[in-house]
Amino acid sequence: MSNVVSTVFEHTSVPYGEDGKLVRGIIARCGAPNCEAAVPLPVNLMANGRGMDGNIEWQFIARKLEQKGWRIGKSATAHRCPKCFSAAKFAAIRRSGEKTVVNKIEQSLQVVQENAKVMTREDRRIIFEKLNDVYIDGKVGYGRGWTDEKVANDLGVPRAWVKLLREENFGDEVGNEDIREQAAEAQAALAEIRKLEPDMRRLLALADKVEKSLAEIQKVLK
Ligand SMILES: [Zn+2]
């Protein structure tokens, strides 16, 4: 039924074709405050109250008007003419742009505040002691699982402080122990793969053999 449509659009006669004769149609009005824009659309071909689904009719009208740049809503006040629709879009873009800028400013402010914090002698002592605990030596680097970031989080101090003290007093961050372990794992995996080689060769030779006898059999079958 057209109940949905009749509350969303204004049913009336609208001019149609070159001679502008009046036919059944609707008028959609822009729902933006202080906007007078309206657009007529002939919907002459649609069944009127003879089982035509209002939702389908709404979709038909919406599609037609959206081709003309309108934004069609589900209520009479939700329609927007092309001008008001693009104004609303720009406003949304501007709002999200402003939000991004504000976020960026807040972030850099946080970084500045963090950097502005002065490391006290007590901070130095605590960080040094922690590094002394978890850093093995210049050759091995950090003990398993430890990094500048983890130390910083653990102590609740800026990561830059940890980096500074580590470089001054200990050595590189990268744990050679972890790297060595990864290399050993890769080596083991490689050995496993190499071990499969003889079996693969054997199976490939077998496949050759099977292929040959299959060819013989097929010759006989012809
Ligand atoms: Zn408008």
Side-chain angles (χ1 to χ4, degrees), residues 1-119 123 145 147-164 173:
M1 305 299 157
S2 298
N3 285 350
V4 181
V5 171
S6 56
T7 58
V8 178
F9 306 107
E10 199 176 308
H11 277 276
T12 181
S13 299
V14 300
Y16 178 72
E18 278 174 19
D19 54 357
K21 76 172 168 151
L22 292 178
V23 298
R24 183 185 164 251
I26 58 98
I27 289 181
R29 295 188 186 282
C30 180
N34 306 322
C35 184
E36 302 283 309
V39 61
L41 181 75
V43 273
N44 203 24
L45 304 173
M46 308 300 290
N48 189 6
R50 284 186 291 138
M52 173 56 69
D53 184 328
N55 199 39
I56 289 175
E57 197 169 8
W58 178 88
Q59 280 174 13
F60 170 84
I61 294 168
R63 203 167 50 238
K64 287 277 173 195
L65 295 182
E66 276 165 6
Q67 282 166 6
K68 297 173 194 264
W70 278 68
R71 168 84 199 162
I72 298 305
K74 289 279 188 184
S75 72
T77 53
H79 310 318
R80 290 293 178 273
C81 71
K83 220 175 101 195
C84 293
F85 181 40
S86 57
K89 264 196 300 195
F90 278 122
I93 290 167
R94 206 177 47 232
R95 270 198 304 276
S96 81
E98 280 165 5
K99 218 164 126 193
T100 309
V101 171
V102 168
N103 282 346
K104 284 225 172 90
I105 290 172
E106 278 175 353
Q107 273 168 19
S108 27
L109 207 59
Q110 210 178 340
V111 170
V112 168
Q113 280 169 346
E114 191 123 288
N115 289 343
K117 263 203 259 173
V118 179
M119 196 173 2
D123 290 326
T147 59
D148 284 354
E149 179 145 28
K150 185 148 192 268
V151 172
N153 289 342
D154 205 60
L155 301 176
V157 299
R159 187 177 162 172
W161 293 1
V162 176
K163 181 172 186 279
L164 184 74
E173 178 178 18

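We count ligands from 1, going down the list as the structure has it; atoms in each ligand are counted the same way. Side-chain atoms are counted along with the backbone in the values below, which use heavy atoms only and exclude waters and symmetry mates.
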> Taking side chain to side chain donor-acceptor pair (under 3.5 Å) as the definition, give me every residue that meets it alongside Lys150, ordered by chain and number, with sequence neighbours left out.
none
> Can you see whether Phe85 has Lys89 sitting over its ring - NZ or CZ less than 6.0 Å from the centre and within 45° of the normal?
yes
> At their closest point, which heavy atom of Tyr16 faces which heavy atom of Val23, and how far apart are they?
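The pair with the smallest heavy-atom distance is CB-CG2, 3.3 Å.
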> Which residue, Val43, Ile27, Val39, forms the side-chain contact (heavy atoms from CB on, under 4.5 Å) with Val14?
Ile27
> Not counting sequence neighbours, list each pair that qualifies as a ring pair (Phe, Tyr, Trp, His ring centres under 6.0 Å) and has a residue in residues 61-84.
Phe9-His79
> Under 2.8 Å from the Zn ion (ligand 1), how many protein N, O or S atoms can be found?
4
> Under the rule for side chain to side chain donor-acceptor pair (under 3.5 Å), what residues qualify as partners of Glu66, not counting sequence neighbours?
none
